[in-house]
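Just so you know, these numbers come straight off a predicted model, no measurement behind them.
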Amino acid sequence: MSEWKSRICDTLLKRYEWHNFNHAIEILDTAYPALWCELQSALESFTLDPNDLEAGGGSESAIPKKFSAYLRPNDWKEMRITGDLLVKLHQCNPPEVRELPPIQKFIDSHNIDYVKDRVAVDLEWNSKDQTFDRDLYAFRMFYECGIISCGVIITRSEEMNTVFRQMGIMKKYGASTTWIGKLLPRIQSGRHGGCPLLIIGITPRVMEGWEGGTHVGT
């Protein structure tokens with residue numbers, strides 16, 4: 001087992017799929033242990049049931065609301081950043097400095113779902129996969145502007161397809177939506193700009209009543 005996985009409790013290691021980029025989990029565990037505990041607690045409490053999967057996707061479905069119920073009371077806030085660029089011309093001979101008109105909104109990121117201290121978390125369950133490009137740009141801007149030290153993206157694992165097929169709702173969760181297979185290649189190609197990222201895939205093992213690949217219930 002990779003050394004960094006020892007920083008995750010065994011229960012969570014089994015329930016989710018994990019990928020660690022640029023030592024994100026080492027930063028979380030060492031520099032922000034209280035926040036890492038809050039995130040682990042939210043992941044431990046999180047469960048899915050069939051009604052969650054059949055409901056509408058995107059940011060308004062029950063699944064993001066479940067994470068918000070765990071994180072919002074602990075002061076995790078939705079945030080975005082904007083910034084203007086001030087350009088100065090430095091003439092050497094004779095010495096002169098001239099300011100140009102500011103470039104408005106030179107930085108204009110999308111919202112990140114949950115930000116606290118220097119840690120950011122985004123949840124993408126079933127949006128268009130291009131949403132990952134927006135998310136990675138936002139993490140990159142937060143990181144390059146010195147606002148966060150690391151980020152976490154939670155999305156669904158490919159393993160969830162087993163559940164979708166059994167429930168007859170595979171059409172709802174197409175290949176061009178936000179799942180881990182659409183995210184990892186974007187990170188591996190550097191679209192996150194080097195921001196340390198911990199990627200967590202939601203698997204069938206968070207399903208209530210799911211045993212051995214079969215859903216048990218009415």
Side-chain angles (χ1 to χ4, degrees), residues 1-13 15-46 59 64 66-86 105-125 127 131-157 178 180 182-202:
M1 182 175 71
S2 302
E3 186 280 332
W4 61 266
K5 289 186 177 180
S6 66
R7 300 171 184 268
I8 306 167
C9 73
D10 289 342
T11 303
L12 293 181
L13 203 56
R15 293 183 75 204
Y16 297 90
E17 178 181 344
W18 299 86
H19 300 271
N20 187 33
F21 293 91
N22 301 89
H23 306 289
I25 198 166
E26 291 89 340
I27 294 169
L28 265 174
D29 185 44
T30 303
Y32 307 99
L35 301 187
W36 179 221
C37 284
E38 289 179 9
L39 289 175
Q40 288 187 96
S41 179
L43 292 166
E44 287 171 352
S45 301
F46 179 76
S59 61
K66 285 188 174 187
F67 271 99
S68 292
Y70 305 136
L71 296 180
R72 295 284 185 240
N74 286 314
D75 210 33
W76 291 82
K77 305 292 188 183
E78 185 174 6
M79 292 187 185
R80 65 187 280 259
I81 59 171
T82 62
D84 303 331
L85 179 65
L86 177 62
K105 290 193 175 179
F106 185 79
I107 295 171
D108 189 4
S109 82
H110 292 273
N111 290 12
I112 293 181
D113 294 330
Y114 312 100
V115 181
K116 184 175 180 181
D117 196 354
R118 294 181 58 84
V119 177
V121 180
D122 233 343
L123 172 65
E124 294 295 351
W125 173 250
S127 301
T131 304
F132 282 142
D133 295 318
R134 178 200 72 185
D135 295 338
L136 292 175
Y137 174 77
F139 277 100
R140 178 174 185 163
M141 288 298 98
F142 272 70
Y143 180 68
E144 291 182 353
C145 290
I147 297 168
I148 63 171
S149 297
C150 63
V152 179
I153 299 178
I154 303 168
T155 190
R156 69 178 197 269
S157 170
T178 46
I180 211 161
K182 289 293 185 178
L183 175 58
L184 296 182
R186 286 170 158 90
I187 298 174
Q188 289 158 352
S189 66
R191 297 191 195 182
H192 61 311
C195 174
L197 288 176
L198 179 63
I199 308 304
I200 304 173
I202 298 170

[X] side chain to [Y] backbone, donor-acceptor under 3.5 Å:
{"X": "R80", "Y": "H110", "result": "no"}
{"X": "S45", "Y": "A42", "result": "no"}
{"X": "D122", "Y": "D113", "result": "yes"}
{"X": "R15", "Y": "L43", "result": "yes"}
{"X": "T178", "Y": "S127", "result": "yes"}

[X] versus [Y]: any side-chain heavy-atom pair under 4.5 Å?
{"X": "L184", "Y": "F21", "value": "yes"}
{"X": "L198", "Y": "C150", "value": "no"}
{"X": "H19", "Y": "I187", "value": "no"}
{"X": "L71", "Y": "L39", "value": "yes"}
{"X": "F132", "Y": "T155", "value": "yes"}
{"X": "V115", "Y": "W76", "value": "no"}

Quiz item: For F67, what residues pass the ring pair (Phe, Tyr, Trp, His ring centres under 6.0 Å) criterion, not counting sequence neighbours?
Solution: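 Expected list: F46.
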
Looking at residues at least two apart in the chain, or sitting in another chain, which of them share a side chain to side chain contact (heavy atoms under 4.5 Å, CB included) with [X]?
{"X": "R72", "answer": "S68, E78, Y114"}
{"X": "Y137", "answer": "M141"}
{"X": "I147", "answer": "I81, F142, C145"}

Just jot down the side-chain hydrogen bond (donor to acceptor under 3.5 Å, both in side chains) partners of [X], sequence neighbours excluded, or say none.
{"X": "N22", "value": "H192"}
{"X": "S149", "value": "Y32, R118"}
{"X": "E44", "value": "none"}
{"X": "E144", "value": "R140"}

Practice problem: Carefully, step by step, assess I200 and L12 under the rule side-chain contact (heavy atoms from CB on, under 4.5 Å). | Solution: CA-CA 10 Å; I200 304 173; L12 293 181; over 6 Å; no

Quiz item: Any idea which heavy atoms bring F139 and V121 closest together, and the distance?
Solution: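 The pair with the smallest heavy-atom distance is CZ-C, 4.3 Å.
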
Quiz prompt | Heavy-atom pair with the smallest gap, counting every atom of A24 and P196 | solution =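 Where A24 meets P196 most closely, the heavy atoms are CB-C, 3.6 Å.
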
Using 0.5 Å steps for rounding, measure from the [atom1] atom of [X] to the [atom2] atom of [Y].
{"X": "N74", "Y": "C37", "atom1": "CG", "atom2": "SG", "answer": "11.5 Å"}
{"X": "I202", "Y": "I154", "atom1": "CD1", "atom2": "CD1", "answer": "6.5 Å"}
{"X": "D135", "Y": "I112", "atom1": "CG", "atom2": "CD1", "answer": "8.0 Å"}
{"X": "L183", "Y": "T131", "atom1": "CG", "atom2": "OG1", "answer": "11.5 Å"}
{"X": "L13", "Y": "S6", "atom1": "CG", "atom2": "OG", "answer": "9.5 Å"}
{"X": "D117", "Y": "L35", "atom1": "CG", "atom2": "CG", "answer": "5.5 Å"}

Quiz prompt | Verdict with reasoning, W36 to T30, per side-chain contact (heavy atoms from CB on, under 4.5 Å) | solution = CA-CA 9 Å; W36 179 221; T30 303; over 6 Å; no

Going by salt bridge (Lys or Arg N to Asp or Glu O under 4.0 Å), name the residues that satisfy it together with [X], two or more places apart in sequence or in a different chain.
{"X": "D75", "value": "K77"}
{"X": "K116", "value": "E38"}
{"X": "R186", "value": "D129, D133"}

Quiz item: Does any pair with a residue in residues 17-32 pass salt bridge (charged side-chain N to carboxylate O under 4.0 Å, His left out), and if so which ones, sequence neighbours excluded?
Solution: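 Every salt bridge (charged side-chain N to carboxylate O under 4.0 Å, His left out) pair that includes a residue of residues 17-32, provided the two are not neighbours, is R7-D29.
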
